[in-house]
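As structure tokens, the structure follows; a few thoughts come after it.
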Amino acid sequence: MSELSKAYEPQLVEDKWYAWWIDQGLFEADPTSSKPAFSIVIPPPNVTGVLTLGHVLNTTLQDILARHARQTGHEVLWLPGTDHAGIATQTVVERRLRKEEKKTRHDLGREEFLKRVWEWKEKHGGIIINQLKKLGCSCDWGRERFTMDEAYARRVQEVFVDLHKKGLIYRGKRMVNWCPVSLTALSDEEVIPKTQKSFFYHYKVEIVEKPGTFLEIATTRPETIMADAAVAVNPADPRYAALIGLHVRRPLPTGVEVLLPIIGDDAVDFEFGTGVLKVTPAHDKTDYEIGLRHNLPVIDIMNPDGTLNDLAGEGFSGLDRFEARTKAVDKLQELDLLVKEEPHENNVGFSERADVPIEPRLSEQWFLKYPKTIEARDAVRNHLIRFFPDRWEKVYDHWLENIQDWCISRQLWWGHRIPVWYPAENAIGDASNAKCQVESPGDGWAQDSDVLDTWFSSWLWAHETMDAPTLAKFYPTSVLVTGPDIIFFWVARMIMAGLEFTGEVPFKNVYFTGIIRDKQGRKMSKSLGNSPDPLDLIAKFGADGIRFGLLRIAPQGQDIKFDEQQIVEGRNFCNKLWNACRFRQIQGPIDPNADPAKHELSLFARDLLARLDATIQRVNEGYDAYRFSDIAQALYDFVWGDFCDRFIEVAKADFATDTPRRAGTLATLDFTIKQILRLLHPYAPFITEELWSGLGLGAQSLMQSGWPTEGGFASDPRAALIYETVSKTRNLRATYGIPGNKRLPWQINPSTDWLAGEHAVLSILLHAESITFCESAPQGHAACPTDIGLIYLPLEGIIDAATEKKRLHGEILKVEAEIEKVARKLSSESFVQNAPADVVADHRQRQQDWINRLGELQQAHDGLEG
RNA sequence: GCGCGAUUAGCUCAGCGGUAGAGCGCUUGCUUCACACGCAAGAAGUCACAGGUUCGAACCCUGUAUCGCGCACCA
């Protein structure tokens, strides 16, 4: 083959290999295969979304698992697809419509609007999928699914009908979380509490039966005074208990006299505020419940869009809720009822999508009483499903323990229409004569106008994306890789759905990724503009660079502070590997079947192969424990440190002249490169495939070449002694400002008998002009004690005696400190008596080694003049 | 309020009972025939704080502080 280029250029090879993999059908899952199954369903990204770093992390992890599974002999299904993302997608299309045509969805009508959304989906739906391909994802694309595919959508509706039949789905008038911007109900999980700096407004109301006596009330929402139906105190509160049964005058709206009863209710905390609570059943969840207990009227003063209606009275009607708040305060001031405004921090629920405070609102919605909650809890508690990291088990359990019914209807158009039919258009919402079935009962029947929560379709994703043979082979899936932010939205619900509709858990393991943050620790977000475009990064550094770089800093379940530098390092690592292979290529033809065991090997080769074994073991352990950054680090250390920095450098000695070691060293290189490429392939699929092919290691894809097993090589500690010695001599050079490229005449008085055999290697590593072995200290030389003996350099013209004395003195101080440390430990009776014998022996040995070294240094030091 | 994470070199993070580590950055020297996306050497840390367990603690236990994240009806 042609010679490799000087630097790895990912742009030139990535597309080619991806097309080839597809062409070879390597990502296709065969349900009839006899191999053990390994399966993952992708967490479906929003159909109109674009790739974020979060996706990169998430899908790279899945790709690593999928490729690793293929290499270890599994039949792999990685099932891709997208989610219709109800609110998100509808909002995008509506915004566009407003901008470009100055129209609302109501101007178009339901049918026409949905046509537009589908058009939008067709246009933008493929973007993220293509981006995943750029990343190298090995999904079985022929099985791509969409949550609104015809068959899938039908199943969603069938599931609704089924649960309705079982009595788990019901329609009810409840307090729900209402988003005044999206104009729909939301589930509790879609409400994000945010701490707000607001005000506590204290105002007073007169007690009707005791003119001139006032009660002081503290509220954060004075704009709802007009909807108050009572004033509540705790019956156990001595300050107010006697007032229960009396009445107060409601200050707003002005112009009408409304008397509110003073009621007693345990829900009132008398420590909080003034201990007097204004009860607003229409606009607060707690107040609604109090209202139910006391039979209070529900006075709804708000329109769906958050403006006030006519019941709010003159001057408030039509105002936005926040304008109304200011105005209500002014009004109280005018009436001389405002006592004070106090700065106050409180938690306000925000709509996840629209990012505005939600309104608690009484409304008719469809609710689901979750099925299989007990079984779902047990499945995780008894480790039928394992969470990685396991701390999420507690979070999951706690949520299920306190689970509330799920509001599943949405007042949107984009989504799965609720399969409930009413006898006439004007009867919509009246459950009394409704029919719950997928098909229309016939002419004259009108379908419920609402759609289902998006998660009511995605909770079926693990099984409804598969046909019968696929289910038989690949379900339950092996592992789910997702973010902990959707543990309730998706993970928990999928477990319940799996148990309810398949009788099995949907997956065996769940790996929760961390969340990617910027350098300052903030979440990536569009508005902050701190979210780099992964496509730019791929273009700049290659898909392998971003994959490896990101994975190396993504420890299990810990949030990740993103820094482009990490991607640079990933790219550099790829280039390092590339050049190591290039070095090998320059030495001559490669033997794809090289077997180092068949050769006489240098001690360095044996040491390298032992380290390769250790690396294989580290990597395997990493996969078992889902410790992905450990795997990346193990490979980085081995490739860069053991292979390049050490072995390739000593190998140069074997290639400089035609030595008997040459064949063994070549075989070791070939074998090790082969194993490295296999081990690294899941993390860096493109470059490894390119090298595999380029070096002629196999005609088949690397993906099909199996997984390395440990070769059982024993390490050779002599290698480390040489490497350390070389380090010492380089330090010597640095101390005297002797450039690395200056050749030096070394003399060595060896302390071992095997050193002479390594003459050529030492010559290269020490960058020697000559190396001679001696048996005693030569005249006029400085001595450097090392693990393999005393090494000498001439003083004349190279070493300055005074500087060398100083350097040695520095070393002596360090060694003395070490001796002191070990001695202190060994002098402790209790340590010697209680510590395990081998630990004590270890310390003794260390002490002896340091003492010996000290002696040598002392001698070298004292032997110098000056 | 309850729960969960984090706190180790300037930065990003490993290490989780037996001599404090890596990469980047920094300083210095190298166009040494794979790689300057590189090589080599070096400086740099009372492992947040206080107690405890242990022969021995960055690591285990108990508190405290700071930051972050969940959960909870506190108006």
Side-chain angles (χ1 to χ4, degrees), chain A residues 4 6-8 175 193 200 217-221 224 232 267-269 271-280 284-290 344 346-347 360 389 391-392 394-395 398-399 402 484-485 487-488 514-515 517 519 521-522 541 545 552-553 555 557-563 565-566 568-587 629-630 633 636-637 640-641 644-645 648-649 652 656 726-727 730-735 737-743 764 767 818 821-822 825 828-836 838-840 842-843 846 850:
Chain A
L4 299 177
K6 191 167 173 180
Y8 173 54
M175 271 317 238
F200 233 161
I217 300 176
T219 182
T220 54
R221 301 206 62 188
T224 63
V268 181
D269 176 356
E271 302 276 305
F272 195 83
T274 61
V276 183
L277 170 69
K278 72 194 252 320
V279 183
T280 322
D284 185 276
K285 209 177 164 200
T286 312
D287 290 8
Y288 176 68
E289 280 154 20
I290 295 175
H344 178 68
N346 62 340
N347 286 328
R391 63 187 148 88
W392 294 108
K394 208 168 160 180
V395 176
H398 184 252
W399 183 73
N402 300 292
D485 47 335
I487 186 168
F488 310 137
I515 291 168
R517 301 174 177 282
K519 261 177 146 172
R522 300 172 305 181
F541 303 113
R552 197 157 75 97
I553 55 157
Q558 217 68 280
D559 285 1
I560 295 144
K561 281 194 190 148
F562 180 79
D563 184 345
Q565 183 58 37
Q566 305 293 348
V568 172
E569 284 174 35
R571 188 267 318 258
N572 293 354
F573 177 66
C574 291
N575 192 56
K576 187 73 180 177
L577 173 70
W578 181 261
N579 275 289
C581 292
R582 215 176 130 231
F583 168 78
R584 169 62 191 86
Q585 197 187 34
I586 290 167
Q587 312 309 322
S629 59
D630 286 5
Q633 194 57 45
Y636 187 94
D637 290 347
W640 205 304
C644 294
D645 288 348
I648 287 186
E649 292 310 313
K652 284 175 182 172
V726 168
S727 216
R730 285 171 177 168
N731 175 296
L732 209 57
R733 275 178 190 270
T735 310
I738 307 167
N741 59 351
K742 185 174 166 70
R743 297 193 176 271
I764 290 253
H767 209 72
E818 291 298 334
K821 239 174 15 190
V822 188
K825 250 190 150 172
S828 153
E829 279 285 309
S830 48
F831 171 71
V832 178
Q833 272 168 20
N834 294 312
D838 58 324
V839 172
V840 177
D842 214 50
H843 278 71
R846 209 154 69 216
W850 283 124

Measuring only the C1' atom in each nucleotide, how far is B:rU62 from B:rA57? A whole number of Å is fine. 15 Å

Give a yes/no answer on whether the side chain of A:W578 brings an N or O atom under 4.0 Å of OP1 or OP2 in B:rG38. no

Of the nucleotides B:rA75, B:rG38, B:rA72, which one has an atom closest to the side chain of A:N347? B:rA72

Base, sugar-phosphate, or nothing: which does A:V279 touch, judged by heavy atoms less than 4.0 Å apart? nothing

By the 4.0 Å heavy-atom rule, please label A:C574 as base, sugar-phosphate, or nothing. nothing

May I ask you to verify if any side-chain N or O of A:K394 is less than 4.0 angstrom from the OP1 or OP2 atom of B:rC4? yes

Would you indicate, yes or no, if B:rC11 has its OP1 or OP2 atom less than 4.0 angstrom from a side-chain nitrogen or oxygen of A:K561? no

Students often get this wrong, so: under 4.0 angstrom with heavy atoms, is A:N402 touching a base, only sugar-phosphate, or nothing? nothing

Below 4.0 Å: OP1/OP2 of B:rG38 and any side-chain N or O of A:N572: yes

Can you see if the side chain of A:S629 gets near the phosphate of B:rA14 - specifically, an N or O under 4.0 Å from OP1 or OP2? no

Can you check nucleotides 54-62 of chain B for protein contacts, nitrogen or oxygen pairs under 3.5 Å, and list what you find?
| residue | atom | partner | partner atom | Å |
| --- | --- | --- | --- | --- |
| B:rC55 | O4' | A:S830 | O | 3.4 |
| B:rC55 | O4' | A:N834 | ND2 | 3.2 |
| B:rC55 | O2' | A:S830 | OG | 3.4 |

Classify A:R391 by what it touches in the nucleic acid, base, sugar-phosphate, or nothing, heavy-atom distance under 4.0 Å. sugar-phosphate

Closest-nucleotide 5' rank along RNA chain B - winner of A:V726 and A:Y8: A:Y8

C1'-based separation of B:rA34 from B:rC39 [nearest Å]: 12 Å

Side-chain N or O of A:N731 less than 4.0 angstrom from OP1 or OP2 on B:rG42? yes

Rounded P spacing from B:rC13 to B:rA50 in Å: 25 Å

Name the closest nucleotide to the A:W850 side chain, picking from B:rG23, B:rC71, B:rU19. B:rU19

Please check the phosphate of B:rA20 (OP1 and OP2 only) for any side-chain N or O of A:K821 closer than 4.0 Å. yes

Using a cut-off of strictly less than 4.0 Å, decide whether A:K742 has a side-chain nitrogen or oxygen near OP1 or OP2 of B:rC30. no

Does A:K576 reach a base, just sugar-phosphate, or nothing at all? Heavy atoms under 4.0 Å. base

Measuring from the side chain of A:P739 (C-beta onward, heavy atoms only), which nucleotide among B:rG29, B:rA75, B:rG70 has the closest atom? B:rG29

Under 30°, 30 to 60°, or over 60°: which ring-plane class applies to A:H344 and A:F200, parallel, tilted or perpendicular? parallel

Looking across every strand, which nucleic acid part, if any, lies under 4.0 Å from A:D563 by heavy atom: base, sugar-phosphate, or nothing? nothing

Using a heavy-atom cut-off of 4.0 Å across all strands, would you classify A:Q833 as base, sugar-phosphate, or nothing? nothing

Name the residue closer to the 5' end of RNA chain B, choosing between A:D637 and A:D645 according to the nucleotide with the nearest heavy atom. A:D637

Pick base, sugar-phosphate or nothing for A:E649, based on heavy-atom distances below 4.0 Å to the nucleic acid. base

Using a 4.0 Å heavy-atom cut-off across all strands, classify A:I553 as base, sugar-phosphate, or nothing. nothing

In dot-bracket form, 5' to 3', how is RNA chain B paired? Count Watson-Crick and G-U wobble pairs only if both distances fall under 3.5 Å, and write | where the partner sits on another strand. ((((((((.[[[[.)..(..]]]].(((((.......))))).....[[[[[..)....]]]]])))))))....

